[in-house]
Amino acid sequence: MRGPRFLLAALAAGIAAAPSAGQQVARSQGPQSVAVTVYRAPYRGASEAIDLRWLNGYALITEQRRVTIPKGEADIRFEGVSGGILPQSAIVTGLPSGVVEKNQDAWLLSPGSLVDAALGKRVHLRRTLRATGAVREMDAVVRSGPDGAVVIQTSDGVEALRCSGLPETLTYDGVPPRLSPKPTLSVRVRSPRTTSATVTLSYLASDFDWQANYVAELAPDGRTMNLFAWLTLASADDTSFVRADTQAVAGRLNRDNVRARRASAPPLVLRCWPSGTTTSDLEEYQPGAPEEIIVGDVLNNLPQMRAMAPAPPPPPPPPPPPPVMAQQEDLGDLKLYRIPIPVTVAAHSQKQVALLARQGVKVETVYRIELYAGNPTTASPVRRVLKTKNVAAQGLGLPLPSGGIAFFAAGRARLMLLGRGAVEDKAVGEDLELVVGRSEAVAFEVANLSPAGRRTGEWELKATNRRSEPVAFEARLETGGRALVTDSTLGTRLGSPLWAVTLGPGESATLRYTAPQN
Amino acid sequence: MRHVLLLSLCLAAPSALAAQAAPANLAVTIYNDDLALVQDTRNLDLRAGRTRQEFPGVSGRISPETVTLSGADVGIVEQNFDFDLLSPSKLMEKAVGEEVTLIRTNPATGAETRERAKVLAVNGGVVLQIGPRIEVLRDDGLPVRVVFDGVPENLRPRPTLSVTVDSARGGARPVTLSYLTRGMGWKADYVTLFDEKAGTIDVQGWVTLTNTTGTTFDNADTLLVAGDVSGGNGGYRPIARSLVRAGTEASDREQIGDFYLYPLKERTTIANQQTKQVSFLDVTGAAARRAYVYRNDWLGTAQEPQSAASVLQFSSSRDQGLGDALPAGTVRVYQRDQRGKAQFVGENRIDHTPMGSDISLATGQAFDVKVHPVVEKREKVSSGRWRTTMRYTLSNARSQAVSVDLIQGGLWGDVRIASESEKSVRRSADEALWRVAVPANGSSTVTATFDTRY
């Protein structure tokens, strides 16, 4: 067998067009230090929770890597970057010499791409005899692409892989160039001498998200609250960032609608010629249901099963001021929150760090209803709203990034959840109105006093306080800027008339007005 | 030694047809809209008369109807694009009526026996004739290797282009194959570092080209063309709103027709499934400023104050600007945080932008600068005419004073501004603009009354 093998090798070597041989490759296996800045999903509303299975935010990842740059032209390959990397956003700085070009190769090593890359090249065919266990190897040249099946040429002639019923497989001498296990970023540099350098690699990566999660504890008298917030960040990336300087950026950034291109990892499909036999069409031999072997799917289904489980219990009460709290700074027109200690942003995980805490924030409670003046029979429910201003005098005065909020009643033996809502991005100095929830204790009725068919309608609104303490009640009558006819004195809110009254325990109040019918 | 001879014959067989020369010179011209022109020059040793030439290694997404071949003393007889791919089924089907070798393996001993067989039919199963007897392949389930003598001529591992040429003389000469292909495109990516205090930007421009043709183009002379050659087809598409004033300066870049050309300085290998970036622009210290824009689309009330857009304004002019024509792409803006690390602060798209243009790039929403538009009053003046009073409250939580471009849209043609607290500019029939100064940690108010038809 020596003869043919030698000859075949020589032939195959001639056919294989050796691609740009002699290219130097320097590997950077991982970062020495890493910083992660997480950005919120651009189109997720304040009241929408983070969906851990579908994260639409992103992160800026900045890595410091130590690389040895050989003399001459070389590719420096950055291994272990985030799987969601957007290659066109990659920036490499700190290289002593210029970057010739940046590349990201997304042709992945897979059974299919191995065959594809071996087309026309020499591989080894290994056959094992079932009877004796004897292994026989011979050289072969791949003659077909990986779609359909593999046709190989051996010293015997042309054969199809695994159509004979014999245990047989192809083995390769090495991984073909340009096939990588994961999408790999590389830069081509030209250096006059061998040198080592610390380079900074930064890039945007998808599959991250973050938001604030507020916990408000309302004092028994309803005049103050303790406000605490978590910085909740989530990663659905496959890479863990260990001991990372971690930041989150609040505010809305514009993103161009770009998605990272999917890497190409063709599977290998082996399909032989028609293999019917004289008995295969007989009904008695109908094969049973094909055996289904599910690999990996069980794991993929896990989060879904978890999602179907009952809702989690309300979060625990806020702890005393935590030792580690995010530090806020201005970043252009955005707000940056820095976690002061290095933390690990693990793959497929959610992490929470204290974002802010304020004790004794002064609030006023108002019960509010919104309705159309011309058709008040359809109205919002009566909502309990906490009003304050985001200033130091009220106990606040700091930027409030958007996120969900849960209200608890403090000072009882058992903690009570009062309601859940959302906080929009609020700058310092802005009015802050937090909807706690709907109230059944303040009742509201509407009566139409005018006969049907009139162009204007006369209405009577009646509000009743069923609580044991006085409440401030207000009804905003949306008129689109038009005036109402009434004997009562009305205020204004957002350009529309506002009926505001204080109701003692058990008290009622009425408003009569005339408005154009809608 | 019989095997040796057979194998060498087999391996040599395809090359008897065509001289499979690797490309000697490969030139690739890439357009923006997923289209590239490939010019592939190979040294072919042509015999006088008619020969068929195969061209392996052309793009997997070639448009075969656009292929042309040119060379000295060469005429084209016909061009074929064969996409009958080699697979075991095809191999067996093409072997109908032909002889193959069967190698049976004794399952108990492993002993091999060889015999020749004729393939009679391949319909659902393979029917063979071995000497006088007829047999179905592997009917007994025992292992049988089928060895074919060769690969039929027109079965290819990949879609293959072949051209039959008529050569007036024999001898080697360069022959150029050119064709259009899908699966390659490019755009620009700009890395912009904004220094707000200094009022400058550093900009690096990269061309980003992608190759999904399934083919690697080795050592290609690459030229990028900034332009869309789809002939204006493809319907309407949103125009990036970043261009404020189109420039009138001519760039030093080479031009063909209406298109700017961006040649890569050196040859490069464009690998399959690769995203490649090459630098084309590096500018430091160009002037830039931050501005705020808010547009109220109609005469309506917002339930809460709305953030103004944070806009980065710069120029592509020769002095004070980037000094180049900018191909379409994405501009990513970074700013340094208090520790001096660059952080991403937003991005936007620009279209092909001539040199000398003013660019206004909305990177996101300002956290601290907000506008609250409210309809204060709406009165009926006469049948079909209304008078609407708007109040815009502009607030600024930053420690510097800012200027906000407040735009009221939806004014159509005949809306008049009856009164206003400060003078507006009617930018167009549809829009009025106020440039409002908002003090640090403070607010400003603009009121205006609009006379509208309804």
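Here is the naming used below: chain letters follow the sequence lines, and residue numbers restart at 1 for every chain.
- With respect to B/K370 and A/E424, no salt bridge is recorded, no charged nitrogen being found less than 4.0 Å from a carboxylate O.
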Inset, instruction - I would like to know whether A/R482 and B/E379 meet salt bridge (Lys or Arg N to Asp or Glu O under 4.0 Å); could you show each step before the answer? - result: CA-CA 6 Å; A/R482 301 174 70 185; B/E379 301 159 293; over 6 Å; no
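- For chain B, the nearby part of A/D245 is the side chain; its heavy atoms alone come within less than 4.5 Å.
- We find that B/R332 and A/D256 are not joined by a salt bridge, their nearest charged nitrogen and carboxylate oxygen being 4.0 Å or further apart.
- Interface residue A/S89: backbone and side-chain heavy atoms are both found under 4.5 Å from chain B.
- There is no contact between A/R493 and chain B, counting heavy-atom distances below 4.5 Å.
- Within the 4.5 angstrom heavy-atom criterion, no atom of A/R162 approaches chain B.
- No side-chain heavy atom of A/N103 sits under 4.5 Å from any side-chain heavy atom of B/Q277.
- Residues B/E112 and A/R136 are paired through a salt bridge, judged by an N-O separation under 4.0 Å between the basic side chain and the carboxylate.
- Distance alone, capped at 3.5 Å, places no donor-acceptor pair between the B/T109 side chain and the A/A131 backbone.
- If you check the side chains of B/D189 and A/Q88, you find no donor sitting under 3.5 Å from an acceptor.
- Evaluated for a side chain to side chain contact (heavy atoms under 4.5 Å, CB included) with A/V158, the options B/V147, B/V100, B/L91 yield exactly one hit, B/L91.
- Side-chain contact between B/S87 and A/S144: absent, with no pair of heavy atoms (C-beta onward) separated by less than 4.5 Å.
- Contacts between A/L400 and chain B at a heavy-atom distance below 4.5 Å involve the backbone alone (N, CA, C, O).
- For B/A366, the parts lying under 4.5 angstrom from a heavy atom of chain A are both the backbone and the side chain.
- Counting only heavy atoms from C-beta outward, the side chains of B/T105 and A/R130 never approach each other to under 4.5 Å.
- Looking at heavy atoms from C-beta onward, A/K426 lies out of side-chain contact with B/F367 at the 4.5 angstrom threshold.
- Heavy atoms of A/E433 lying under 4.5 Å from chain B are absent altogether.
- At distances below 3.5 Å, at least one donor-acceptor pair connects side-chain atoms of A/N254 with backbone N or O atoms of B/E347.
- Only the side chain of A/V99 comes within contact range of chain B, judged by heavy atoms closer than 4.5 Å.
- Residues A/L331 and B/V345 form a side-chain contact, since some pair of their non-hydrogen atoms from C-beta on lies under 4.5 Å apart.
- In this structure, chain A has no heavy atom under 4.5 Å from any part of B/R391.
- The residue among B/K341, B/K380, B/E266, B/E376 with the most heavy atom pairs within less than 4.5 Å of chain A is B/E266.
- Proximity to chain B is limited to the side chain of A/L129, based on heavy atoms less than 4.5 angstrom apart.
- Residues A/W273 and B/L137 form a side-chain contact, since some pair of their non-hydrogen atoms from C-beta on lies under 4.5 Å apart.
- Contacts of A/A250 with chain B are made by both backbone and side-chain atoms, with heavy-atom separations under 4.5 Å.
- Heavy atoms closer than 4.5 Å to chain A are found in both the backbone and the side chain of B/Q303.
- The pair A/D156-B/R114 meets the salt-bridge criterion, since a charged nitrogen lies less than 4.0 angstrom from a carboxylate oxygen.
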